[in-house]
Novice: 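Can you read through this structure? Questions will come right after.
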Amino acid sequence: MIYTVTFNPSLDYIVEVKDFKQGVVNRTNDEHIFPGGKGINVSIVLKNLGFDSVALGFTAGFTGIEIEEKVKAHGCNTDFIRLESGLSRINVKLKSNEESEINGQGPSISKESLDKLMVKLEALTEEDILVLAGSIPTSLPEDIYENILKRLADKNIRVVVDATKDLLLNVLKYHPFLIKPNNHELGEMFGVTLKTNEEIITYAKKLKDMGARNVLISMAGDGAILLTEDGREYFSKVPKGTVVNSVGAGDSMVAGFIAGFLESNELEKAFKMGVATGSASAFSEELAKKDDVLRLLATI
Ligand SMILES: Nc1ncnc2c1ncn2[C@@H]1O[C@H](COP(=O)(O)OP(=O)(O)O)[C@@H](O)[C@H]1O
Ligand SMILES: O=P(O)(O)OC[C@H]1O[C@](O)(COP(=O)(O)O)[C@@H](O)[C@@H]1O
């Protein structure tokens, strides 16, 4: 089974405002509310591609109840831990001349609740895939992903991590099967601005040297790069299309990669499927659907 963990689920409030102006009352032209958070998006897209998973993580308050209902409405299995207090966050995505995002901090997670998650994760076996994705509430220490992988280290589970900065860097010594920073996050990890593909490959290799097995770097509309554990390097352009909503494109890419790998056992095919799935999400209001993914895959 595939298990996704979202420490910090959200309701994504996507608002379109023509010519947004600061400091005045603006009115929306269009608005949507979607369940969000990286692991949750991975679970939804996996389902759209025909793969079952279990969405794990923490929810709180009425927003948490709504998130869980919406995830279930997509046909996903859920096993969230309910927090005693606080509210799951509402992340605002403002689409105007530019795209801006305000992502919340999320509720506090107590030690007892964390322990409940560990009990669930300790039941995983080498047959399973674990996806740890997204930020953690500010109340938690930055070594939380690292601690989880340390406790699961002898189980031979294939782990996918989509996180930023130290949260990601600290897990590399546990040899995650796949990591997927974008090019900006990659630069941020090393305190540099990366401009060319050569520079991006140089720094992606550092993540491999630090322990990651396969490193997937997304670059939004500029394509993607995969460095594989057996030393191959792939670059792909993105398919042609009109971007409608790129929120969740990165998570969709992770889901597409996993689905492609489970279908073919080939990293190159997984890579192409990842790119097609990311772009299928970027080209639609909601997350990628299978028909659109397969149509784009044929062009890569
Ligand atoms: N402007 C775009 N045009 C085409 N595909 C896109 C675009 N933006 C994102 N994608 C697709 O989604 C994938 C992930 O996008 P990216 O924005 O890099 O991830 P993240 O959301 O993690 O920052 C890309 O590799 C690509 O396949
Ligand atoms: O946990 P973080 O880093 O705050 O990100 C959460 C946000 O990212 C998303 O998962 C989308 O991520 P991507 O656009 O990178 O795929 C949203 O659904 C959510 O609001």
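If you're wondering where the values come from, they're calculated on a predicted model, not measured in any experiment. Whatever order the structure lists ligands and atoms in, that order sets their numbers, starting from 1. Numbering starts at 1 and runs along the sequence shown.
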Novice: Would N8 count as a contact residue for ligand 2, given that I'm defining contact as a non-hydrogen atom of the residue lying under 4.0 Å from a ligand atom?
Specialist: no
Novice: Please report which non-hydrogen protein atom sits nearest to atom 19 (O) of ligand 1, along with the residue it belongs to and the distance in Å to one decimal place.
Specialist: S218 OG, 3.3 Å
Novice: List ligand 2 atoms under 4.0 Å from G36, heavy atoms only on the residue side.
Specialist: 18 (O)
Novice: Please report whether ligand 2 has a polar contact with S135, defined as an N or O pair separated by less than 3.5 Å (distance criterion only).
Specialist: yes
Novice: Look only at the side chain of T6 and the backbone of N8, and say whether a donor-acceptor pair between them is shorter than 3.5 Å.
Specialist: no
Novice: Under a 3.5 Å threshold, yes or no: a donor from one side chain and an acceptor from the other, between S43 and S53?
Specialist: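 Result is yes, a qualifying pair exists.
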Novice: If the cut-off is 4.0 Å to any non-hydrogen atom of V238, which atoms of ligand 1 fall inside it?
Specialist: 4 (C), 5 (N), 26 (C), 27 (O)
Novice: Within a distance under 4.0 Å of any heavy atom of V275, pick out the atoms of ligand 1 and give their elements.
Specialist: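 Going through ligand 1 atom by atom, the ones under 4.0 Å from V275 are 27 (O).
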Novice: Which is it for I40 and ligand 2 at heavy atoms under 4.0 Å: side chain, backbone, both or neither?
Specialist: neither
Novice: Is the shortest distance from a heavy atom of E101 to ligand 2 less than 4.0 Å?
Specialist: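 Distance cut 4.0 Å: E101 fails for ligand 2.
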Novice: Given G248, S10, G250, which one has a non-hydrogen atom that is nearest to atom 14 (O) of ligand 2?
Specialist: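 Checking each option, the heavy atom nearest atom 14 (O) of ligand 2 is found in G248.
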Novice: Under 4.0 Å from a heavy atom of M219: which atoms of ligand 1 are those, numbered in the order shown and with their elements?
Specialist: 18 (O)
Novice: Stepwise, does the ring pair (Phe, Tyr, Trp, His ring centres under 6.0 Å) test hold for Y13 with F34?
Specialist: CA-CA 7 Å; Y13 180 48; F34 297 123; over 10 Å; no
Novice: Could you walk me through whether S88 and T59 pass the side chain to side chain donor-acceptor pair (under 3.5 Å) check?
Specialist: CA-CA 6 Å; S88 290; T59 60; 5.2 Å; no
Novice: Return the closest protein heavy atom for atom 15 (O) of ligand 2 as residue, atom name and distance.
Specialist: K38 NZ, 3.0 Å
Novice: Closer than 3.5 angstrom, by distance alone: can the side chain of N29 be matched with the main-chain N or O of K18 as a donor-acceptor pair?
Specialist: yes
Novice: Does the side chain of E199 come under 3.5 Å of the side chain of T202 through a donor N or O and an acceptor N or O?
Specialist: no
Novice: Report yes if the distance between the aromatic ring centroids of F271 and F257 is under 6.0 Å, otherwise no.
Specialist: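 Not under 6.0 Å, so no.
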Novice: So for K93, does at least one of its heavy atoms come nearer than 4.0 angstrom to any atom of ligand 2?
Specialist: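 Right, K93 reaches ligand 2.
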Novice: Pairs of nitrogen or oxygen atoms closer than 3.5 Å, one from G37 and one from ligand 2: do any exist?
Specialist: yes
Novice: Can you tell me which residue and heavy atom of the protein come closest to atom 25 (O) of ligand 1, and the distance to 0.1 Å?
Specialist: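 Protein heavy atom with the smallest distance to atom 25 (O) of ligand 1: M253 CE, 3.2 Å.
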Novice: Need the ligand 1 atom indices (1-based, order shown) with element for anything under 4.0 Å from a heavy-atom of F283.
Specialist: 3 (N), 4 (C)
Novice: Going by the atom numbers of ligand 1, which of them fall below 4.0 Å from some non-hydrogen atom of V243?
Specialist: 1 (N), 2 (C), 3 (N)
Novice: Specify side chain, backbone, both or neither for S252, according to which of its non-hydrogen atoms lie closer than 4.0 Å to ligand 2.
Specialist: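 It is neither part, as no heavy atom is under 4.0 Å.
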Novice: Examine the proximity of ligand 2 to D251 and report which part, side chain or backbone, both or neither, has a heavy atom under 4.0 Å away.
Specialist: both
Novice: Around atom 5 (N) of ligand 1, find the nearest protein heavy atom and jot down its residue, atom name and distance.
Specialist: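 For atom 5 (N) of ligand 1, the nearest protein heavy atom comes out as S279 OG, 2.9 Å.
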Novice: Are the side chains of L132 and V160 in touch, meaning some heavy atoms are under 4.5 Å apart?
Specialist: no
Novice: May I ask you to list the atoms of ligand 1 that are less than 4.0 angstrom from any heavy atom of K180?
Specialist: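 Atoms satisfying the 4.0 Å criterion: 19 (O), 22 (O).
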Novice: Would you say D128's side chain and L124's backbone share a donor-acceptor pair under 3.5 angstrom?
Specialist: no
Novice: Just need the protein heavy atom nearest to atom 23 (O) of ligand 1, so name the residue and atom and give the distance.
Specialist: N182 ND2, 2.9 Å
Novice: Classify the contact between H184 and ligand 1 as side chain, backbone, both or neither, using a heavy-atom distance cut-off of under 4.0 Å.
Specialist: neither
Novice: Taking it one step at a time, do F7 and F58 satisfy ring pair (Phe, Tyr, Trp, His ring centres under 6.0 Å)?
Specialist: CA-CA 6 Å; F7 269 80; F58 304 92; 5.3 Å; yes
Novice: Have a look at ligand 2 and work out which part of E185, if any, has a heavy atom under 4.0 Å from it: side chain, backbone, both or neither.
Specialist: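 Neither; nothing of E185 gets under 4.0 Å from ligand 2.
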Novice: Students should be able to answer this: which protein heavy-atom is nearest to atom 20 (P) of ligand 1, and at what distance?
Specialist: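 Heavy-atom neighbour on the protein nearest atom 20 (P) of ligand 1: G250 CA, 3.8 Å.
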Novice: For atom 24 (C) of ligand 1, state which one of A220, G274, A276 supplies the nearest heavy atom.
Specialist: A220
Novice: In the protein, which heavy atom is nearest to atom 20 (O) of ligand 2, and how far is it?
Specialist: D12 OD1, 2.7 Å
Novice: With a cut-off of 4.0 Å, which atoms of ligand 2 are near a heavy atom of G134?
Specialist: 1 (O)
Novice: How about T164 and E185: does a side-chain donor come under 3.5 Å of a side-chain acceptor?
Specialist: no
Novice: Do we see a donor-acceptor contact under 3.5 Å between the side chains of E84 and S113?
Specialist: yes
Novice: Please list, in number order, the atoms of ligand 2 under 4.0 Å from a heavy atom of S246.
Specialist: 14 (O)
